[in-house]
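Here is the structure we will look at.
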Amino acid sequence: MPSSRTIRALNVAEKPSVAKSVAGILSQNQGLRVREGRSRFNKIYEFNYAIQGQPCQMLVTSVTGHLMELEFDERYKKWYSCDPADLYHAPVRKHVPEDKVDIKRTLQEEARKCHWLILWLDCDREGENIAFEVVQVCTEGNHQLNIWRARFSALTDREIHEAVQNLVRPNQLFADAVDVRQEIDLRIGASFTRFQTMLLRDAFNFDFTSDNKSLVLSYGPCQFPTLGFVVERYWEIQSHEPEEFWTINCSHNSDEGTASFTWIRGHMFDYTCAVIIYEMCVQEPNATVTKVKQQEKLKYPPYPLNTIELEKRASRYFRMSSEHTMKVAEELYQSGFISYPRTETDCFSDRTDLRAIVEEQQQHPTWGSYAQRLLDPGAGLWRNPSSGGHDDKAHPPIHPTKFSAGASGWSQDHHKLYELVVRHFLACVSQPAVGAETTVEIDIAGELFSASGRVIILKNYLDVYRFETWGGLMLPTYVFGQQFIPTTLTLDSGVTRPPPLLSESDLLSCMDKAGIGTDATMHDHIKKLLDRFYATKDANTRFSPTNLGEALVMAYDDMGYELWKPFLRSMMEGDMKAVGMGTKQKGEVLAACLQQMKACFLDARLNKIKLFEAMDLFFERFSRSGIEEQQTVADVVRQCGVCQQSDMVLKRRPDGNFMVGCLGFPQCRNVVWLPGSISEAAVTTNICSSCSPGPVFMIQFKFRRLEIPSNYNVDHLGCIGGCDETLKQLIDICGTGSRNLSILPARGPGSTTPSGNIPAGNARHGSVCGNCRQTGHSSNDCPQASQSGRARLRGMNAQSGESSIACNSCGASCVLRTANTANNKGRRFYSCQLQECNFFMWEDAINHSAGVLSGGRANAGGSASSSTRRGGRGQTHRSSSRGADMASVLATGDPQSGRRCFSCGDPSHFANACPNRGI
DNA sequence: GCAAGGTC
């Protein structure tokens, strides 16, 4: 029994699993009692222990992450309750949300009975912040608590015992750093989200959803840069100008097989040079082996698995989304099959018993025998895992924690993910694969070509890590000085290709590199892009921006802000570090950041026309004619006091503004103009008590929040009979004329854009400028050509033209563009607008040789060979091939060249002997 | 209804 001097200590961990581990380690499972708390997930463990010789009765329980949330005061919570700009200074408070109230009550009840509070939160900034949330809640129950912090970096016996024997005080600075982040995220996120949602949702017909009203156009310091990565790559692809190149390829057949030699010069962009060199090779085709190099190559196993790698590999190997991967991993963790799945750590601690983990897997029917070989010292397969250099000091790399040959209730994805975790772990503790690589270099007429092949000598970890392969191309045997005549020698052309769309794995890498999100939240940010209709993911897990996503990024880019770039987050990360170190004050960082962001917000609001312009490129404005018709039918406000014959009715004008006019128009011109800031107006059955002659029916108005001062309500029941001061004031302030938006370029009939993504300068786009994407001019006379970063990016290499032809390859439309590269400046070409199609054709190629695509000059010597330029993404692009079987060339001469000089056309010599040769 | 961060 505890003595009267025994200290009762309440221990709180960040999650139930840690509470259980800490209790198990400290009690050594002796005298450990478990009871329920008010929250069914967070149990309470009790046992006796001694800290620094002091007997303690230990109570160990947990929270589940943050206990509190930051929110605005009640008055600012409703979207229309305030100007979004007010959210930069509106009061905020931390509160315990409904689903955490049970945990709060448990903590307070237990704290009342305790002397000490020991905080076992994860040892990172968020953990420190949660620690202070726990302190706040517990001290509300007991002001006398002595508060301690246990610092540990792994759930091992030594770490936990050391932590409890060396308790310290919690670090307020770390917690402050997180407070800063939370407040900035909330204020920026809420203000921009409310602003752009309220501004755009009612103005445009977003054709991808039938529920326009509930659409939320969110902004967040993580989600927008993530969208930025997707859009930036998409623009890079759009602005890519295919460039034609030439290369010489050589093959040689022997009894042992075929060797393919590639030209050491690689791609040559100057056709004449390539032809001259090719001519030299054709004239002296004898190949001499100048180098044979054989060396051993090692392919190392991957580093131990952390969250981001798990997500990337599951996406690559199984095409599982990162969000789904984390859901499945969480379930495997909850049921005890794998370790904690949210970890940055990619190195194992020296204290981890790696062999014990392997031993468990020996019984598996598929990889069990590999695990047995690993443990057999005679096999020499074991290798201590290398370190990836990251350690979050809280969790080990993801590894199997319990053997399973497939539990009941597992889906295919549970099987796949568990298999990945096990095989990855077994690979990490295995020897690298060993290969023999052979490189052969040959010389033909002074030009060098090379071929390489590799055979695997020892597969080692590749035996178990079936997700990776290592090329096993065999080369025939060659010896130094050997000579042979190539079987084929061809001059091949190709075109440069744009990079592919970002895959989920690429996107995670971009985010990781730029510090966007954490290992536990990155998949949420990616999913948010899909949920918000900002991006789509295709079957190959590649992301494209939607029209909405592209328009939003385009608008902010045109405003000149880099809100869609990762810099804001990086800057915040720097500031948070400074707060954590104590070199900057919490208040000072908050004030400075919010001041900057508010200025940016106000400026963005002034420039809202950019948002409308960008949206206008892709979406239709809501038609107001229907509303007008409906409202002119029945909405009588009063009898006309001028003609005294007709009724005055509420009308919506074609420009969207409201008026109350006499139905006797045009004979009677009595009219009451209404403020220009009204978004909705409806005549009610309420009758004004002061205006006469009556009845004058009152009108329910809704004003646009952003167009009236913040001290006016957006909802107003008003009267047009002359008694309504509010209405008069708003007419004074807002006027009754055209709103800003009516100065936008009108969208003529037929300019409706389809719902799919439209590349810059698309011929289908009609009169949209390829540079700035506005209407009314072409890219050649674009006034913004040098102003916009995006315009610069898009117009970097080529300018869009208006002319288009049908694509010879896929049938879609090609647009005529002008090259701007050194070699082909001013030369015009057609390129297909269909993203998947890479068709490209010089305009002069059509003129020179009808029916021959892109090889006009290549085939000038009379070649009959030609083919289209189309090829799948990522394939080697080889199209027109001007080549010949060398044996036949040597026997009969070159039928394709007519044995004349390619350089000057003189039949008396070949190009290598051409007197004009000056390359 | 808005962010991002914990975690169940």
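So that the names make sense, note that chain A is the first sequence line, chain B the second, and so on, each numbered from 1. Note that the structure is a prediction, hence the values are computed from the model and not measured.
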Which of the following nucleotides, [options], is nearest to the side chain of [X]?
X: Ala190(A); options: dG6(B), dA4(B), dC2(B); value: dC2(B)
X: Asp122(A); options: dC2(B), dT7(B), dG5(B); value: dT7(B)
X: Gln223(A); options: dC8(B), dA4(B), dG6(B); value: dA4(B)
X: Ala520(A); options: dC8(B), dG6(B), dA4(B); value: dG6(B)
X: Phe41(A); options: dG6(B), dC2(B), dC8(B); value: dC8(B)
X: Pro16(A); options: dG5(B), dA4(B), dT7(B); value: dT7(B)
X: Trp79(A); options: dC2(B), dA3(B), dG5(B); value: dC2(B)
X: Glu14(A); options: dA3(B), dT7(B), dG5(B); value: dT7(B)
X: Leu186(A); options: dA4(B), dA3(B), dC8(B); value: dA3(B)

Report task. Return the 5'-most residue of the pair Ile516(A), Ser191(A) with respect to DNA chain B, ranking by each residue's nearest nucleotide. Result -> Ser191(A)
**Report entry** Comparing Glu69(A) and Arg194(A) on DNA chain B - which has the more 5′ nearest nucleotide
**Finding:** Arg194(A)
Just N and O in the side chain of [X]: are any of them under 4.0 Å from OP1 or OP2 of [N]?
X: Thr518(A); N: dG5(B); result: no
X: Ser218(A); N: dA3(B); result: yes
X: Lys100(A); N: dT7(B); result: no
X: Tyr333(A); N: dC8(B); result: no
X: Arg569(A); N: dA3(B); result: no
X: Arg187(A); N: dA4(B); result: no
X: Arg532(A); N: dA3(B); result: yes
X: His525(A); N: dA3(B); result: no

**Report entry** Between Ser322(A) and Glu504(A): side-chain donor-acceptor atoms closer than 3.5 Å
**Finding:** yes
Query - Lys43(A) and Thr61(A): side chain donor to acceptor below 3.5 Å - result: no
Provide, to the nearest angstrom, the distance between the [atom1] atom belonging to [X] and the [atom2] atom belonging to [N].
X: Leu200(A); N: dC2(B); atom1: CG; atom2: P; result: 17 Å
X: Met326(A); N: dG6(B); atom1: CE; atom2: C1'; result: 13 Å
X: Asp179(A); N: dA4(B); atom1: CG; atom2: C1'; result: 13 Å
X: Asp124(A); N: dA4(B); atom1: CG; atom2: P; result: 19 Å
X: Lys327(A); N: dT7(B); atom1: NZ; atom2: P; result: 18 Å
X: Asp524(A); N: dC2(B); atom1: CG; atom2: P; result: 14 Å
X: Asn42(A); N: dC8(B); atom1: CG; atom2: C1'; result: 8 Å
X: Met198(A); N: dC2(B); atom1: CE; atom2: P; result: 14 Å

Query raised in the report: Per the atom types in the model, does the base of dC2(B) pair as donor or acceptor with the side chain of Thr193(A) at under 3.5 Å?
Result: no
Ring centroids only, cut at 6.0 angstrom: are [X] and [Y] within range, meaning strictly under it?
X: Phe206(A); Y: Phe619(A); value: yes
X: Phe612(A); Y: Phe204(A); value: yes
X: Phe337(A); Y: Trp410(A); value: yes
X: Phe601(A); Y: Phe195(A); value: yes

What's [X] touching, base or sugar-phosphate or nothing? Going by heavy atoms closer than 4.0 Å.
X: Phe192(A); answer: nothing
X: Gly517(A); answer: sugar-phosphate
X: Tyr80(A); answer: base
X: Leu70(A); answer: base

Requested in this report: May I ask you to decide if the ring planes of Tyr556(A) and Tyr219(A) are parallel, tilted or perpendicular, using 30° and 60° as cut-offs?
Outcome: tilted
